[in-house]
Protein chains: 4
Amino acid sequence: MTPPTTPAPSSRRPGRPRSESTRREILAATWRLLEQQTVQSLTIEAIAKEAGVGKATIYRWWDSKALVVIDAFMEHHVMKTPMPRDVPPGEAIARHIASLVREYAGRSGRIVAQIIAEGQSDPVVLRELRERFQDGRRTVVREVLEEWQRRDDIPVPPNIEILSDLLYAPVYMRLLLGHAPLDKAFARQHVEYVWTLLGQTPPA
Amino acid sequence: MTPPTTPAPSSRRPGRPRSESTRREILAATWRLLEQQTVQSLTIEAIAKEAGVGKATIYRWWDSKALVVIDAFMEHHVMKTPMPRDVPPGEAIARHIASLVREYAGRSGRIVAQIIAEGQSDPVVLRELRERFQDGRRTVVREVLEEWQRRDDIPVPPNIEILSDLLYAPVYMRLLLGHAPLDKAFARQHVEYVWTLLGQTPPA
Amino acid sequence: MTPPTTPAPSSRRPGRPRSESTRREILAATWRLLEQQTVQSLTIEAIAKEAGVGKATIYRWWDSKALVVIDAFMEHHVMKTPMPRDVPPGEAIARHIASLVREYAGRSGRIVAQIIAEGQSDPVVLRELRERFQDGRRTVVREVLEEWQRRDDIPVPPNIEILSDLLYAPVYMRLLLGHAPLDKAFARQHVEYVWTLLGQTPPA
Amino acid sequence: MTPPTTPAPSSRRPGRPRSESTRREILAATWRLLEQQTVQSLTIEAIAKEAGVGKATIYRWWDSKALVVIDAFMEHHVMKTPMPRDVPPGEAIARHIASLVREYAGRSGRIVAQIIAEGQSDPVVLRELRERFQDGRRTVVREVLEEWQRRDDIPVPPNIEILSDLLYAPVYMRLLLGHAPLDKAFARQHVEYVWTLLGQTPPA
DNA sequence: AGTTAATCGAGACGGTACGTCTAGTCTTATT
DNA sequence: AATAAGACTAGACGTACCGTCTCGATTAACT
């Protein structure tokens with residue numbers, strides 16, 4: 001199945017073209033339903049009904065419920081946790097972590113967590129989530145970390161992913177395990193501690 | 001519903017007592033089926049058939065499929081990742097992380113990941129998993145970290161959970177997101193880097 | 001699949017026994033729906049809904065929609081066109097044809113016609129209809145015809161089926177083709193003519 | 001909807017004229033598919049695909065699947081069971097019945113039976129079938145029977161349809177009910193018996 | 001030894017959703 | 001206009017499980 005985001009690159013295929021309004025309605029309906037239930041309890045049937053759409057139309061463009069949810073999420077997410085680019089790298093990362101925690105503490109966090117959950121039994125979902133949502137972010141983080149190393153000479157491991165994980169993994173762990181709160185206090189303490197270990201003054 | 005692990009607390013209830021062999025057969029069947037499929041695709045119906053047991057018998061003792069899986073997992077897990085207690089605390093933690101990575105790289109890891117996944121739409125599951133599988137471990141980790149602080153004066157955050165997460169979260173993140181390998185090289189690099197930040201010599 | 005009319009011949013099978021009330025409710029619902037629509041437009045889904053029953057329950061006991069309809073028909077039909085046994089054979093046949101025409105001119109006729117229609121693309125249906133509905137009748141007709149031959153010396157073909165068809169086929173042809181009315185006048189004219197050919201006085 | 005056999009009666013309508021080759025291709029595709037499946041299981045979708053034609057094109061010219069089938073049947077049938085016109089009327093009828101039985105014993109019989117079946121839930125189909133396929137025949141049969149009466153003084157009922165049904169109904173009954181074979185032996189026995197009743201010598 | 005009460009297996013039951021299929025309609029660009 | 005292509009809403013298909021229920025049969029402790 002062609003990824004639904006890639007329309008028709010060439011001139012034009014024969015037949016009635018895909019309805020853009022239908023696509024939007026499906027994603028909007030999905031998003032509405034996710035206010036009241038989990039991804040697991042969500043059904044294609046319910047999405048179709050809520051969107052006023054035939055089930056086959058959904059199956060035509062998406063391979064699984066989770067992929068619809070990823071699309072719906074991307075449609076409404078539009079990068080609410082950007083990496084600040086006009087501040088020193090250490091502060092950029094700190095602010096980014098804070099905004100990520102803030103975002104993940106709410107509904108978006110629950111939905112990301114449930115998409116990751118779906119991904120545990122469907123590799124396609126996990127891959128799609130990473131490619132569309134996280135890989136770009138990881139690249140930016142890596143660049144900022146390298147800049148930070150150049151500017152402030154922070155100690156960096158041979159494989160910079162190790163540092164990147166160190167910074168972000170606790171956020172995801174609390175999101176998914178819920179063993180401790182995912183809140184502003186956590187973000188501050190985590191940043192303060194790691195910055196101290198890196199020999200930096202934590203941002204105010 | 002009474003937790004299935006708590007048999008009969010008082011002297012004795014009237015009527016036919018619960019069959020211990022049936023309980024074991026259900027958990028064994030669950031474990032067998034999990035060799036071939038995911039927790040999500042596993043069904044109570046299939047467990048009942050595989051175990052030669054009525055569905056109602058399963059429902060009588062467990063509230064959900066995931067709770068059966070947790071029990072089956074505990075039955076076969078028997079703490080394969082103990083915290084070494086006869087080595088210096090820094091080395092104990094390092095070895096523990098290595099054994100955890102080793103364990104999670106295989107089937108147990110997949111199953112733990114899938115239980116966490118189930119937990120994203122069922123708080124009971126997540127709580128049960130934490131209480132029976134992780135809380136005890138976290139307590140031990142905390143004790144070892146405090147000993148480490150006393151012995152080697154490592155820098156420790158006010159809330160020691162922050163350090164604990166720093167050490168273990170990358171393992172869970174790789175287990176669940178799969179964005180980077182969960183292998184021996186990762187364990188070594190991660191430990192080496194964090195130990196360096198803590199001003200310690202990483203164990204060989 | 002076991003014919004649903006044959007319950008459990010032996011002592012008792014394990015498991016919850018089949019619900020007789022459910023069986024009756026399904027057939028009653030089918031009959032109700034057939035007052036408003038054709039067999040072709042009838043759906044298992046609609047039967048299930050009308051009967052307040054799960055679809056699987058219908059599929060468990062019947063192989064196809066048409067077989068449910070046959071059962072529903074038999075349940076309500078209870079042989080409304082019996083062969084009179086206390087009159088001379090010629091008159092018995094004449095009365096039987098008249099009652100058959102009367103019956104087939106109404107709803108029963110439409111349903112029998114539609115079952116035969118279903119049978120054109122499903123041999124099982126046609127066989128079932130013949131075995132449960134027509135074979136018994138044909139046997140009786142044959143006996144009465146043989147008695148008629150003995151008593152009144154009517155001319156009979158070597159294969160008595162030929163005469164039997166001659167008597168009954170026009171009824172079915174009008175039922176199915178509708179090229180001419182299936183009414184009392186037809187029944188009278190048909191009987192009068194055939195009786196004349198057989199050298200008998202037609203009954204008043 | 002205009003009957004599809006009536007092309008464009010007037011001089012010329014604006015726009016692209018109906019494609020005759022498309023019409024033929026649809027009917028040919030229908031006929032090909034009917035070699036492998038029943039009318040009931042045949043779908044407009046399959047016909048369109050097999051003919052390389054849009055579904056809408058079929059819907060534009062025919063009101064239902066069964067009407068397409070009737071057209072396809074007429075296209076290939078070309079009256080294979082004509083009434084012989086250069087023999088005595090009794091023999092003409094006898095030969096006609098024999099050829100009808102021969103024809104109906106094969107694939108044509110199955111298709112006619114299935115068209116009649118479709119007609120049980122769609123009066124339009126039944127009417128169309130009669131008008132285009134059987135009414136002409138019935139008229140011819142009636143004429144031959146009347147000639148037979150004049151020539152050989154056979155006993156004829158007031159309404160000659162009664163005799164006509166007597167002759168032909170057993171053929172249709174066996175075609176549709178399948179309770180007894182539709183073969184050469186049947187045709188011979190049936191004709192012999194009826195001819196005897198009519199006081200005629202059966203043809204050799 | 002007989003009674004009592006909960007357990008067990010089997011499997012039928014009312015439901016719900018699955019993913020597929022076809023109906024019949026519509027929207028394109030092309031002929 | 002008519003066409004091929006194919007997307008669209010609608011809804012039935014037959015299957016799979018859900019969690020509940022009714023059976024008869026078992027299994028112990030308590031009369």
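These numbers come from a predicted model, not from an experiment.
- Following rounding to the nearest Å, C:Arg24 (CZ) and E:dC13 (C1') show an atom-to-atom distance of 16 Å.
- The side chain of A:Pro14 has F:dG6 as its nearest neighbour among F:dG6, F:dC8, E:dC13.
- Of the side-chain N and O atoms in A:Arg60, one or more sit less than 4.0 angstrom from OP1 or OP2 of F:dC8.
- Contact annotation: the side chain of C:Thr57 approaches that of C:Arg60 to within less than 4.5 Å [non-hydrogen atoms, C-beta and beyond].
- C:Glu50 places its CD atom 16 Å from the C1' atom of E:dG14, with the value rounded to the nearest Å.
- Both B:Leu42 and A:Ser19 sit near DNA chain F, but only A:Ser19 has its closest nucleotide nearer the 5' end.
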Listing time: all N or O pairs from protein to nucleotides 24-26 of chain E that are below 3.5 Å?
residue: E:dG24; atom: OP2; partner: D:Tyr59; partner atom: OH; Å: 3.2
residue: E:dG24; atom: N7; partner: D:Lys55; partner atom: NZ; Å: 3.0
residue: E:dG24; atom: O6; partner: D:Lys55; partner atom: NZ; Å: 2.8
residue: E:dC26; atom: O2; partner: A:Arg16; partner atom: NH1; Å: 3.0

Exercise answer: donor-acceptor pairs, residues 49-56 of chain B side-chain atoms, under 3.5 Å, sequence neighbours excluded:
residue: B:Glu50; atom: OE2; partner: B:Arg32; partner atom: NE; Å: 2.7
residue: B:Glu50; atom: OE2; partner: B:Arg32; partner atom: NH2; Å: 3.2
residue: B:Lys55; atom: NZ; partner: B:Glu45; partner atom: OE1; Å: 2.8

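- Evaluation of the side chain to side chain donor-acceptor pair (under 3.5 Å) rule for C:Gln114 yields no partner, not counting sequence neighbours.
- With sequence neighbours excluded, the residues forming a side chain to side chain contact (heavy atoms under 4.5 Å, CB included) with B:Leu126 are B:Gln120, B:Arg130, listed by chain and number.
- Residue order along DNA chain E, read from the 5' end via each residue's closest nucleotide, puts C:Ala51 first among C:Ala51 and A:Pro17.
- The side chain of C:Val53 sits closest to E:dG14 out of F:dC8, E:dG14, E:dC8.
- Taking C:Glu35 as the reference, C:Arg107 meet the side chain to side chain contact (heavy atoms under 4.5 Å, CB included) condition, with sequence neighbours excluded.
- One can place CD1 of A:Ile58 at 13 Å from C1' of F:dA10, the figure rounded to the nearest angstrom.
- For C:Trp61 and F:dG14, the CH2 to P distance is 19 Å, given to the nearest whole Å.
- Among the heavy atoms of the strands lying under 4.0 Å from C:Thr43 are primed sugar atoms or P, OP1, OP2 only; no base atom is included.
- In this structure, the CD1 atom of B:Ile47 is 16 Å from the P atom of E:dA10, given to the nearest Å.
- For the atom pair CG of A:Asp122 and CG of A:Asp63, the computed distance is 9.0 Å after rounding to the nearest 0.5 Å.
- In this structure, CH2 of B:Trp62 is placed 13 Å from P of E:dT7, rounded to the nearest angstrom.
- Summary of the strand contacts: C:Glu20 and A:Gly15 both lie near DNA chain E, and taking for each the nucleotide with the nearest heavy atom, the more 5' one is attributed to C:Glu20.
- Residue A:Ser41 places none of its side-chain N or O atoms closer than 4.0 Å to OP1 or OP2 of E:dA17.
- Rounded to a whole Å, the CD atom of D:Gln40 is 15 Å from the C1' atom of E:dA23.
- Figure legend: A:Arg18 and A:Trp61 shown as a cation-pi pair, the cationic atom lying under 6.0 angstrom from the six-membered ring centre and within 45 degrees of its axis.
- Within the 4.0 Å cut-off from OP1 or OP2 of E:dG14, at least one side-chain nitrogen or oxygen of C:Thr57 is found.
- Taking for each of D:Gly52 and C:Ala46 the nucleotide of DNA chain F with the nearest heavy atom, the 5'-most of the two is the partner of D:Gly52.
- Partners of C:Ser19 under the side chain to side chain contact (heavy atoms under 4.5 Å, CB included) rule, at least two apart in sequence or in another chain, are C:Ser21, C:Thr22.
- Per the geometry, CZ belonging to C:Arg23 stands 16 Å off P belonging to E:dA12, to the nearest Å.
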